[in-house]
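One is the number of the first residue; the rest follow in order along the sequence.
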Amino acid sequence: MGIPSAWAVIGCCVAVALLVVGEPLFRAPVGTRDILPPESARRRRLVGAFADLAERAGFGLLESPIFEDQGVFQRLGSANEVVTKELFEFFDRGEPPRALALRPELTASVCRAFVEHSPTVPWKIWYCGPQFRYERPQAGRYRQFEQVGVETLGTHDPHADVEVINLGVRFFEALGLNQIRLLVNSLGDPDSRPPYLEALNSYLHSRSSELSEQSRQTLQRNPLRVLDSKRREDQPVISDAPVMVDFLSGASAEHFAAVRAGLDVLEVDYAISPRLVRGLDYYTRTTFEFSAEALATAQNAVGGGGRYDGLVQELGGAATPGIGFALGVDRILLTCDAEGVFASKPADVQVFVVDTAGGESAVVACDTLRRAGLSVERAFDGRSLKAQMKRADRSGAIVSVIIGTDELDEGTVTVRNMRLGGSQRKVPTADLVAAVTGIVALEA
Ligand code: AMP
């Protein structure tokens, strides 16, 4: 090797080493992250478990766009921080450009779709997917996060509230979680709210000097939201505040009693939390939250929801009641880790194809076995038999299929039972599927 080519080799090595150990040129944007396997598979399983429960309860999947006309979210209310401070807004390339926003939640999209398609009621929808909020990232709080949820539109029946809440409860149970607290409250209705808001407003103003600076600002915009504050200095004021349940109208009190009776008969464990108001402004009557005792307070809200009777109208439809919830997938998985349930597991490989012969036979073997419904992995790059067998072992496969030059010449494959001390036999290629499925069935 001449000197210039030696330098070229050294240069290449350095470049490769830098690429391997150096800082990547790009990272996922702040507040977002890559979900890698096997974690991504766990999330899919979680959504699958939710879909299963929701569909058995008569909810159908709504797939709505990830971005909407900005106005859709503005209808959630001007006192709502998700709308005023956290929206990812942009203009498209239209003439004139349209103001759009990435969805920060899905209830508004469900109501927009309801108005657009006028389905028969009750309209029972489940959904899943990423949401976007420009929040300060921290543990359990991201700018892109995933939710699953349900909405029932078109019924005032308190049993619809019970059905929705109970679905959340059973979902957490199905994951194996048993330290989720359900908090329930009623926010009353348009008749019972004004006297309460008046009482709350004058109470909070009378003690505003004791509130945090942020809560004093919130008080100017929306006194109800002050009750949402988790800041320690606000807690003494909040704990003495008047509560909505003391101001409920007859109809709202009756509705709340029916919801509680439904939860009681199902033996659902819950606590009445008179100061639970939740973030969004459009809630009326039933409101609830699921809180994970295994997580730190700052991120322990794993989901919540409630009844909203004005949102469809805000979006241009006829007055239509709704009840629903959204659960945060990211935080539920953190809770699963904290409680040691619903663990991540490696991909399930049933068959590993080892190819030392080259040519296309391994390509065909993989395809044939996968089409027969088996999960099949293989090695690439013509590595040694020993190296490929090692990978087969590590993959956890039940069977390995070995194709060497002998097998290629004879039109056979070697089928090895990885569990039975490695017993193996040669079979004609035509019998591959039968031989493999036989062992898989035996060992499963
Ligand atoms: P919300 O739509 O605000 O009622 O939120 C419902 C659930 O979504 C919350 O209880 C959280 O579990 C989850 N969530 C909300 N915001 C975030 C975020 N920025 N990052 C991760 N999860 C979130």
Side-chain angles (χ1 to χ4, degrees), residues 72-84 104-112 114 125 131 133 147 149-158 160-165 167-168 182-197 200-201 218 221-229 238 241-249 251-256 258-260 263 270 272-291 301-315 317 319-328:
V72 170
F73 304 119
Q74 267 153 5
R75 298 300 191 284
L76 292 171
S78 57
N80 178 343
E81 282 185 8
V82 169
V83 178
T84 52
E105 56 107 68
L106 264 157
T107 309
S109 298
V110 173
C111 292
R112 193 269 308 140
F114 178 81
I125 286 303
Q131 318 299 327
R133 294 182 192 175
Q147 287 184 337
V150 293
E151 309 288 342
T152 298
L153 288 174
T155 170
H156 289 284
D157 194 327
D161 305 35
V162 174
E163 181 175 81
V164 162
I165 298 172
L167 183 61
L182 167 62
L183 305 171
V184 183
N185 190 19
S186 174
L187 293 180
D189 50 43
D191 290 341
S192 43
R193 255 208 225 184
Y196 171 64
L197 288 179
L200 180 67
N201 205 15
T218 310
R221 291 196 307 273
N222 185 347
L224 210 51
R225 291 291 309 276
V226 174
L227 303 184
D228 251 353
S229 164
I238 291 174
V243 292
M244 185 68 228
V245 282
D246 292 338
F247 287 76
L248 293 183
S249 66
S252 276
E254 215 173 279
H255 189 274
F256 194 36
V259 172
R260 290 188 330 251
L263 295 176
Y270 64 93
I272 308 265
S273 174
R275 285 171 193 85
L276 176 69
V277 292
R278 302 206 12 91
L280 303 178
D281 294 340
Y282 51 78
Y283 286 113
T284 52
R285 295 194 171 172
T286 314
T287 178
F288 57 96
E289 197 158 281
F290 294 104
S291 146
V302 286
R307 180 166 275 285
Y308 46 92
D309 289 353
L311 188 57
V312 172
Q313 219 170 353
E314 279 290 323
L315 287 159
T320 308
I323 166 88
F325 66 64
L327 310 178

Peer 1: Under the rule for side chain to side chain contact (heavy atoms under 4.5 Å, CB included), what residues qualify as partners of T155, not counting sequence neighbours?
Peer 2: P122, T152, D157, A160

Peer 1: Can you list everything that forms a side chain to side chain contact (heavy atoms under 4.5 Å, CB included) with A301? Sequence neighbours excluded, please.
Peer 2: E289, R331

Peer 1: Just how far is it from atom OG1 of T107 to atom CD1 of I125, taken to the nearest 0.5 Å?
Peer 2: 12.0 Å

Peer 1: For side-chain contact (heavy atoms from CB on, under 4.5 Å), just list the numbers for L183 and F288, CA-CA rounded to whole Å, side-chain angles, deciding distance to a tenth of an Å, and then say yes or no.
Peer 2: CA-CA 5 Å; L183 305 171; F288 57 96; over 6 Å; no

Peer 1: Do V184 and S273 have side chains that get closer than 4.5 Å, going by heavy atoms?
Peer 2: no

Peer 1: For salt bridge (Lys or Arg N to Asp or Glu O under 4.0 Å), just list the numbers for R133 and E81, CA-CA rounded to whole Å, side-chain angles, deciding distance to a tenth of an Å, and then say yes or no.
Peer 2: CA-CA 10 Å; R133 294 182 192 175; E81 282 185 8; over 6 Å; no

Peer 1: Could you go step by step and tell me if L311 and L76 meet the side-chain contact (heavy atoms from CB on, under 4.5 Å) rule?
Peer 2: CA-CA 7 Å; L311 188 57; L76 292 171; 4.1 Å; yes

Peer 1: Taking the side chain as everything from C-beta on, heavy atoms only, tell me whether L227 gets closer than 4.5 Å to L200.
Peer 2: yes

Peer 1: So, taking the atom named CD in Q147 and the one named CD in Q131, what distance separates them when rounded to the nearest 0.5 Å?
Peer 2: 4.5 Å

Peer 1: Just by distance, do the side chain of H255 and the backbone of H156 share a donor-acceptor pair under 3.5 Å?
Peer 2: yes

Peer 1: Quick one: list whatever passes side chain to side chain donor-acceptor pair (under 3.5 Å) with S229, sequence neighbours left out.
Peer 2: D234

Peer 1: Report yes or no: does R275 contribute a side-chain atom to a donor-acceptor pair with the main-chain N or O of A241 at less than 3.5 Å?
Peer 2: yes

Peer 1: For F256, give me all partners under ring-ring contact (aromatic ring centres under 6.0 Å, His included), at least two apart in sequence or on another chain.
Peer 2: none

Peer 1: What residues, two or more places apart in sequence or in another chain, satisfy side chain to side chain donor-acceptor pair (under 3.5 Å) together with R307?
Peer 2: D161

Peer 1: Under the side chain to side chain donor-acceptor pair (under 3.5 Å) test, which residues partner E314, sequence neighbours left out?
Peer 2: none

Peer 1: Hey, are the side chains of P158 and R260 touching, using non-hydrogen atoms and a 4.5 Å cut-off?
Peer 2: no

Peer 1: Do L153 and V312 make a side-chain contact, defined as non-hydrogen atoms from C-beta onward lying under 4.5 Å apart?
Peer 2: yes

Peer 1: Go through it in stages, so that I can follow the logic: the residues are T320 and Q313, the test is side-chain contact (heavy atoms from CB on, under 4.5 Å), and I'd like the CA-CA distance, side-chain angles, deciding distance and then a yes or no.
Peer 2: CA-CA 7 Å; T320 308; Q313 219 170 353; over 6 Å; no

Peer 1: Under 4.5 Å between any side-chain heavy atoms of V302 and L327, yes or no?
Peer 2: no

Peer 1: Are the side chains of V245 and P274 in touch, meaning some heavy atoms are under 4.5 Å apart?
Peer 2: yes

Peer 1: For L315 versus C111, what's the shortest heavy-atom pair and its separation?
Peer 2: CD1-CB, 3.4 Å

Peer 1: What pairs with F247 under ring-ring contact (aromatic ring centres under 6.0 Å, His included), at least two apart in sequence or on another chain?
Peer 2: Y196

Peer 1: Under the side chain to side chain contact (heavy atoms under 4.5 Å, CB included) rule, collect the residues that match up with L197, sequence neighbours excluded.
Peer 2: R193, L224

Peer 1: Who are the ring-ring contact (aromatic ring centres under 6.0 Å, His included) partners of F73, not counting sequence neighbours?
Peer 2: none

Peer 1: So, applying side chain to side chain contact (heavy atoms under 4.5 Å, CB included) with E151, which one of V110, I323, V164 is it?
Peer 2: V110

Peer 1: Taking only residues two or more places apart in sequence or in another chain, which ones pass salt bridge (charged side-chain N to carboxylate O under 4.0 Å, His left out) with D189?
Peer 2: R285

Peer 1: Look only at the side chain of N185 and the backbone of T287, and say whether a donor-acceptor pair between them is shorter than 3.5 Å.
Peer 2: no

Peer 1: Could you tell me whether the side chain of L187 reaches within less than 4.5 Å of the side chain of T284, counting heavy atoms only?
Peer 2: no

Peer 1: State, to 0.1 Å, how close S192 and S252 come at their nearest heavy-atom pair, and which atoms those are.
Peer 2: OG-OG, 4.2 Å

Peer 1: By salt bridge (charged side-chain N to carboxylate O under 4.0 Å, His left out), which residues pair with E163, not counting sequence neighbours?
Peer 2: K124

